[in-house]
S.K.: 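Shown below is the structure under consideration.
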Amino acid sequence: MSRNILSLDFYGGEITAALAALDEETSTLRLRHVLRRPTHAFSGAFVRDMQGAQDELSAVFSEISQYVSIDPSVVIGLRGNFLSFKRASGFNTVDSRNRIIGEREIQSAIKNSVPPNLSETLDVVDILPQSYTIDGNTGIKNPKGMAGFTLEVETFLSCALVTHLNNLNNVLAACGCNEYQVLPTAIALGETLAREEEKQAGALVLDIGQSAVSALMYHKGALVDAWELPFGRDAVAQAVADLLQNDLETARDVLKDYEPGTDDIMDDVLEDASAQLLQDIKKELLQSLLYLKYPSAQLVLCGEAADKNLLKTAKKIFGARKARLAAFDDLIADCPADDSVYCGAVSLLTHTLEREQKRLGVAQTKEEGLLDGLLNKLGLSELF
């Protein structure tokens, strides 16, 4: 039996999408179709024009409908500086007679990790459990069935401004998309592209697009911070535009066809502009105390702007001991899905399935009232 899954990633000034079929008997994921569309009504997942956003999304769904006869499961990937991230912990006392930790205790601890004083302007869109502690014993991955008096869970919370999230929900509903799961794309990228040994050593994951950057930082295997930055490769293109005295779109076209090494002046401009972009990213990250406290030894670079030249410069600027370009090398695809621009859309698919299989995590559905029955809405009772 197969199941169709569609992911939509609001990637800067574009929407990228990936449609996949999951063979549930073999757990094999096959990509059937990918697409990318420029958007004028969106900035990341922020809606700037309601009618225009509806038209642009309807065009995406119309194209996807040509490849699937039954409505697929939908995962929406959020990007944009209306997102914020926070480490948290939840606590629960085991009050069952035999002191065995079960579903109710796990759910309660996860739910309790959401701060009671969370601003009313924010909504939690994802709760990612990272590890559990039972009676002071740390590093437990799955506590179900274990004996103990107290259970604590370390989580990573992703929040979004309620108004922006509601606008996106309204647009999706107007397009006839009434059932979907919401996840921050950055979380999916880090969890699927960073290797376990990199997370343990301390890794910085950077996804650099045309007009946006998503960044995550790991320390001792745990996700400790994340950022959404409103600038990207367009800064490099703008430097080329200034040199050529052209507009930004013309500069983008020049860069698409340009081969490094064919023009010394252009090479110098690109190198300087790339270095400045990376310095700007580092400057933003340096505002985080956690970034200063846990400098990353490993650098994982992905996204539309990621290439070998940028990787070399990034390794030097961020002072990483090791650096690599990340990609999904083992994709089974019926379409050209290996372009780095689709990393976010593909990661949303794989991350969603991994969390289902590993029985980890909570993500928001479209319904309002995240904290009122959130775990039950998402079937977490079945996952544990």
S.K.: With no hydrogens and no angle check, just 3.5 Å: does a side-chain donor-acceptor pair link Thr250 and Asp253?
M.R.: no
S.K.: Please list, chain by chain and in numerical order, all residues satisfying salt bridge (Lys or Arg N to Asp or Glu O under 4.0 Å) with Lys199, sequence neighbours excluded.
M.R.: Glu191, Glu196
S.K.: Please verify the inter-ring angle class for Phe85 with Phe156; under 30° counts as parallel, over 60° as perpendicular, anything in between as tilted.
M.R.: parallel
S.K.: Would you mind listing every salt bridge (charged side-chain N to carboxylate O under 4.0 Å, His left out) that reaches into residues 332-350, with sequence neighbours excluded?
M.R.: Arg30-Asp334
S.K.: Mind jotting down which residue pairs meet the salt bridge (charged side-chain N to carboxylate O under 4.0 Å, His left out) criterion with at least one end in residues 43-70? Sequence neighbours excluded, please.
M.R.: Arg37-Glu63
S.K.: Rounded to the nearest 0.5 Å, how far does NE2 of His164 lie from OG of Ser43?
M.R.: 9.5 Å
S.K.: Less than 3.5 Å apart, any donor N or O on the side chain of Ser108 or Asn92 sitting next to an acceptor on the other?
M.R.: yes
S.K.: Show, in sequence, the C-alpha distance, side-chain angles and deciding distance for Glu304 and Arg36, and conclude whether the salt bridge (Lys or Arg N to Asp or Glu O under 4.0 Å) test is met.
M.R.: CA-CA 12 Å; Glu304 184 179 6; Arg36 61 187 298 189; 2.9 Å; yes
S.K.: Which pairs pass salt bridge (charged side-chain N to carboxylate O under 4.0 Å, His left out) with one or both residues in residues 203-216, sequence neighbours excluded?
M.R.: Arg79-Asp207
S.K.: Can you confirm whether Ile15 sits close enough to Leu57 that some side-chain heavy atom of one is under 4.5 Å from a side-chain heavy atom of the other?
M.R.: yes
S.K.: To the closest 0.5 Å, what do you measure between CG (Leu349) and CZ (Phe328)?
M.R.: 8.5 Å
S.K.: Where the side chain of Asn170 meets the backbone of Asn166, is there a donor-acceptor pair that is under 3.5 Å apart?
M.R.: yes
S.K.: If Ile, Leu, Val, Met, Phe, Trp and Tyr residues are connected whenever their side-chain heavy atoms lie under 4.5 Å apart, and connections chain through other members, are Val162 and Val171 in the same group?
M.R.: no
S.K.: Decide yes or no for Ser7 and Val346: does some side-chain heavy atom of the first lie under 4.5 Å from some side-chain heavy atom of the second?
M.R.: no
S.K.: Quick check: does any side chain N or O of Ser65 sit under 3.5 Å from a backbone N or O of Ser62, one acting as donor and the other as acceptor?
M.R.: yes
S.K.: So for atom CD, which belongs to Gln238, do other residues, nucleotides or ligands contribute more than 12 heavy atoms lying within a distance under 6.0 Å?
M.R.: yes
S.K.: Run the salt bridge (Lys or Arg N to Asp or Glu O under 4.0 Å) test against Arg195 and tell me which residues pass, sequence neighbours left out.
M.R.: none
S.K.: Indicate if Tyr291 and Leu189 have the same hydrophobic cluster label, given that clusters are the connected sets of ILVMFWY residues with side-chain heavy-atom separations under 4.5 angstrom.
M.R.: no
S.K.: Check the surroundings of atom CD1 in Ile70: do more than 12 heavy atoms from other residues, nucleotides or ligands lie under 6.0 Å from it?
M.R.: no
S.K.: With a 4.5 Å limit on heavy-atom distance, are the side chains of Asp126 and Pro184 in contact?
M.R.: yes
S.K.: With a 4.0 Å cut-off, would you call Glu198 and Lys322 a salt bridge?
M.R.: no
S.K.: Would you kindly confirm whether Tyr132 and Ile101 end up in one hydrophobic cluster when ILVMFWY residues are joined by side chain heavy atoms under 4.5 Å apart?
M.R.: yes
S.K.: Applying salt bridge (Lys or Arg N to Asp or Glu O under 4.0 Å), name anything that partners Asp234, two or more places apart in sequence or on another chain.
M.R.: Arg252
S.K.: Does Ile140 form a side-chain contact (heavy atoms from CB on, under 4.5 Å) with Ser131? I'd like the steps, not just the answer.
M.R.: CA-CA 6 Å; Ile140 297 169; Ser131 67; over 6 Å; no
S.K.: Tell me, please, which residues at least two apart from Phe91 pass ring-ring contact (aromatic ring centres under 6.0 Å, His included).
M.R.: none
S.K.: At what distance, to the nearest 0.5 angstrom, does CG of Leu301 lie from CG of Leu206?
M.R.: 6.0 Å
S.K.: Tell me, please, which residues at least two apart from Arg233 pass salt bridge (Lys or Arg N to Asp or Glu O under 4.0 Å).
M.R.: none
S.K.: Which of parallel (below 30°), tilted (30 to 60°) and perpendicular (above 60°) describes His33 and Tyr67?
M.R.: parallel
S.K.: Is Asp225 salt-bridged to Lys86, going by a charged N under 4.0 Å from an acidic O?
M.R.: no
S.K.: Does Glu259 offer a backbone N or O that forms a donor-acceptor pair with the side chain of Thr262 under 3.5 Å?
M.R.: yes
S.K.: Any link between Val182 and Phe61 through a network of hydrophobic side chains (Ile, Leu, Val, Met, Phe, Trp, Tyr) touching at under 4.5 Å?
M.R.: yes
S.K.: Strictly by salt bridge (charged side-chain N to carboxylate O under 4.0 Å, His left out), give each pair with a member in residues 149-166 just once, sequence neighbours left out.
M.R.: none
S.K.: Shortest non-hydrogen contact from Ala251 to Ala237?
M.R.: CB-O, 3.3 Å
S.K.: How about Gln245: does its CD atom have over 12 heavy atoms from other parts shown lying under 6.0 Å from it?
M.R.: no
S.K.: How close do Ser113 and Thr155 get, heavy atom to heavy atom, and via which atoms?
M.R.: OG-OG1, 3.2 Å
S.K.: When you check the side-chain N and O atoms of Asp267 and Tyr258, is any donor under 3.5 Å from an acceptor?
M.R.: yes
S.K.: For the CG atom of Leu243 and the CG atom of Asp272, what is their distance to the nearest 0.5 Å?
M.R.: 11.0 Å
S.K.: Between Thr192 and Ala188, is there a donor-acceptor pair closer than 3.5 Å when you use the side chain of the first and the backbone of the second?
M.R.: yes
S.K.: What's the shortest heavy-atom distance between Ser73 and Arg3, and which atoms?
M.R.: OG-NE, 3.7 Å
S.K.: Is the shortest side-chain heavy-atom distance between Val300 and Leu204 below 4.5 Å?
M.R.: no
S.K.: For the CG atom of Leu35 and the CD1 atom of Ile64, what is their distance to the nearest 0.5 Å?
M.R.: 5.0 Å
S.K.: Looking only at side-chain N and O atoms, does Asp135 offer a donor or acceptor that is under 3.5 Å from a partner on Thr150?
M.R.: yes
S.K.: Kindly give the heavy-atom pair with the smallest separation between Ala186 and Leu216, and that separation in Å.
M.R.: O-CD1, 3.0 Å
S.K.: Quick one: does Ser214's side chain get under 4.5 Å of Trp227's, heavy atoms only?
M.R.: no
S.K.: Donor-acceptor pairs under 3.5 angstrom involving side-chain atoms of residues 278-287: please list them, not counting sequence neighbours.
M.R.:
residue: Asp280; atom: OD1; partner: Gln276; partner atom: NE2; Å: 2.9
residue: Lys282; atom: NZ; partner: Ile317; partner atom: O; Å: 2.9

S.K.: Test side-chain contact (heavy atoms from CB on, under 4.5 Å) on Leu348 and Thr185 and set out the steps.
M.R.: CA-CA 6 Å; Leu348 287 166; Thr185 304; 4.0 Å; yes
S.K.: Closest heavy-atom contact between Ile134 and Gly148?
M.R.: CG2-CA, 3.8 Å
S.K.: Tell me whether Val125 shares a hydrophobic cluster with Leu223, the cluster being built from Ile, Leu, Val, Met, Phe, Trp, Tyr side chains joined at under 4.5 Å.
M.R.: yes
S.K.: Out of curiosity, Ile100 CD1 to Met146 CE, how far, rounded to the nearest 0.5 Å?
M.R.: 9.5 Å
S.K.: Checking Ser119 now: which residues fulfil side-chain hydrogen bond (donor to acceptor under 3.5 Å, both in side chains) with it, not counting sequence neighbours?
M.R.: Thr121
S.K.: Got a sec, which residues hit side-chain hydrogen bond (donor to acceptor under 3.5 Å, both in side chains) with Asp71, two or more places apart in sequence or on another chain?
M.R.: none
S.K.: Would you say the side chain of Phe10 lies within less than 4.5 Å of the side chain of Ile76, judging by non-hydrogen atoms?
M.R.: yes
S.K.: What closest approach, in Å, do Leu290 and Val224 show between heavy atoms, and which atom pair accounts for it?
M.R.: CD1-O, 3.2 Å
S.K.: Taking Thr39 for its side chain and Gly13 for its backbone only, find out whether a donor-acceptor pair lies under 3.5 Å.
M.R.: yes
